[in-house]
Structures are given as structure tokens and as C-alpha cells.
Amino acid sequence: MKPVIGITMGDAAGIGPEIIVKALDTQELFDTCRPLVIGDAKILERAIQIVEADLKVNRINAVSDAVFTYGTIDCIDLDLLPSDLPFGEISPKAGDAAFKFIEKAVELAKKHEIQAICTAPLNKEALH
């Protein structure tokens, strides 16, 4: 069975959401693992529009709800951020959310629901 890789969104005001969308827009990734984003679904949907990807977001609450199918981004949606979060600006809300995304990923790893964690870029200033 392919491992479930928990991908934390990182700083949602930064480049993390776009990097995640571009990475998950490749069949090869799904051939080697089962990717699962831990973040904010509405921010991923904005990133999909920005990069003009033909993907959809599957908002889920538990790993067991994931479909792990190319063309769909499974996202444990913590729903912590406003839909109009400005990109490219330091945001305490985005920093706090980035921390909570990692916290959730660690919780899932400790429960053996995911086998690894990959983090998108973080902004140390926003985290503080």
C-alpha cells in the first residue's frame, strides 16, 4: 500500500498553496504515494484558479474520507483563514494557521493515519 503523505499548507499568504497545487497536478505523484493536504480548502481553490489547473478540492474531516485520485486534492480543511487573505503579505492569521496545520499533521502521524509529513514554506516572522 502506498504511504499517505500529509502535506501542510505552510504560510497560506505565501507560495505554499501554489506549489502544492502544481505538485498535485502530476500523475507521477499519485503513482508513488497518497497525498493529503492539511490546510484551508478555500485557499487551495484560489491557488487552483491562479495556476489555471484542472483540479478540484475534496474538503474532508478525516483521512478515511480521502479519495486519493489524480485530479482531486484531498484536503483536511481546518477552515482557519478568510477567503480574501492577501497573498504576499505577512499575516499573523496565516502564521497561526501554519502552526495549526503542522500541529494537525503531527497528531495524524502519531495516530499512524499518515506515514510522513511534508511542509510547504513557512514564514518565520508570521509564525512569531
Side-chain angles (χ1 to χ4, degrees):
M1 189 137 226
K2 294 182 269 188
V4 177
I5 309 298
I7 304 167
T8 63
M9 186 177 282
D11 187 324
I15 62 171
E18 292 175 52
I19 290 172
I20 290 169
V21 167
K22 288 180 179 183
L24 297 182
D25 197 14
T26 59
Q27 176 65 51
E28 295 82 12
L29 185 66
F30 288 83
D31 292 342
T32 58
C33 70
R34 295 178 291 162
L36 172 72
V37 176
I38 300 153
D40 195 295
K42 64 186 159 294
I43 302 298
L44 281 177
E45 289 166 345
R46 277 180 52 193
I48 288 169
Q49 291 176 342
I50 289 168
V51 302
E52 300 177 347
D54 187 22
L55 301 171
K56 64 180 181 176
V57 176
N58 179 29
R59 295 170 186 241
I60 61 176
N61 295 313
V63 177
S64 59
D65 297 328
V67 295
F68 300 118
T69 304
Y70 173 67
T72 300
I73 298 176
D74 292 302
C75 177
I76 292 187
D77 185 16
L78 299 186
D79 193 24
L80 299 172
L81 298 165
S83 59
D84 61 349
L85 178 74
F87 285 140
E89 295 179 20
I90 294 173
S91 165
K93 287 181 183 178
D96 184 57
F99 175 79
K100 290 178 179 168
F101 301 153
I102 293 169
E103 193 173 52
K104 180 67 173 179
V106 169
E107 172 191 320
L108 294 172
K110 285 182 174 182
K111 292 179 182 177
H112 304 284
E113 293 184 43
I114 63 175
Q115 285 68 58
I117 299 171
C118 173
T119 60
L122 299 167
N123 183 310
K124 290 178 187 168
E125 187 175 347
L127 281 170
H128 289 288

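For the numbers below, each heavy atom of this structure counts, side chains included, while hydrogens, waters and symmetry mates do not.
- With values rounded to the nearest 0.5 angstrom, Phe99 atom CZ is found 12.0 Å from Thr8 atom OG1.
- If you take CZ on Arg34 and CE on Met1, they are separated by 4.0 Å, rounding to the nearest 0.5 Å.
- Looking at every heavy atom in both residues, Ala12 comes nearest to Pro17 through O-CG, 3.7 Å.
- Open room surrounds NZ on Lys22; 12 or fewer heavy atoms of other groups in view lie less than 6.0 Å from it.
- When the shell of 6.0 Å around CG of Asp31 is examined, it contains more than 12 heavy atoms from other residues, nucleotides or ligands.
- Taking each heavy atom of Pro86 and Ala13 in turn, the nearest pair found is O-CB, 3.5 Å.
- Annotation: the span from Leu36 atom CG to Phe68 atom CZ amounts to 5.5 Å, rounded to 0.5 Å.
- A heavy-atom distance below 4.5 Å is found between the side chains of Phe101 and Asp40.
- Hydrophobic clustering, with ILVMFWY side chains joined whenever heavy atoms are under 4.5 angstrom apart, groups Ile5 together with Met9.
- Side-chain contact between Glu107 and Lys111 is present, with at least one heavy-atom pair separated by less than 4.5 Å.
- No path of Ile, Leu, Val, Met, Phe, Trp and Tyr side chains, each step under 4.5 Å between heavy atoms, connects Ile15 with Val51, placing them in separate hydrophobic clusters.
- Using a 4.5 Å heavy-atom cutoff, the side chains of Leu108 and Val4 are not in contact.
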Requested in this report: In sequence, state the C-alpha distance, the side-chain angles, and the governing distance for Ile48 and Ile73, and then conclude on side chain to side chain contact (heavy atoms under 4.5 Å, CB included).
Outcome: CA-CA 10 Å; Ile48 288 169; Ile73 298 176; 4.1 Å; yes

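- A donor-acceptor contact shorter than 3.5 Å is absent between the side chain of Glu18 and the backbone of Ala47.
- When the side chains of ILVMFWY residues are joined at heavy-atom separations under 4.5 Å, either directly or via intervening members, Ile102 and Val63 end up in a single hydrophobic cluster.
- Under the 4.5 Å side-chain contact rule for hydrophobic residues, Ile117 and Leu29 share a cluster.
- Two residues are said to be in side-chain contact when any heavy atoms from C-beta on lie closer than 4.5 Å; Ile7 and Ile38 fail this criterion.
- At distances below 3.5 Å, not a single donor-acceptor pair connects side-chain atoms of Thr69 with backbone N or O atoms of Thr72.
- Here the NZ atom belonging to Lys100 is positioned 6.0 Å from the CG atom belonging to Leu80, to the nearest 0.5 angstrom.
- Residue His112 comes nearest to Gln115 through the heavy atom pair O-NE2, 3.6 Å, listed as atom of the first residue, atom of the second, then distance.
- Taken to the nearest 0.5 Å, the CD1 atom of Ile60 stands 7.5 Å off from the SG atom of Cys75.
- Cluster membership for Ile50 and Leu81, using ILVMFWY side-chain heavy atoms within less than 4.5 angstrom, is shared.
- Residues Glu45 and Lys42 are not paired through a salt bridge, judged by the lack of any N-O separation under 4.0 Å between the basic side chain and the carboxylate.
- Within the 4.5 Å cutoff, the side chain of Leu85 has heavy atoms near those of the Arg46 side chain.
- With a 6.0 Å radius and a threshold of 12 heavy atoms from other residues, nucleotides or ligands, Gln27 has its CD atom above the threshold.
- Two residues are said to be in side-chain contact when any heavy atoms from C-beta on lie closer than 4.5 Å; Lys93 and Asp96 fail this criterion.
- Screening Asp77, Leu24, Leu55, Val37 against Leu44 for a side chain to side chain contact (heavy atoms under 4.5 Å, CB included) leaves a single residue, Val37.
- Remark: the backbone N or O of Ala53 is not paired with any side-chain donor or acceptor of Asp25 at under 3.5 angstrom.
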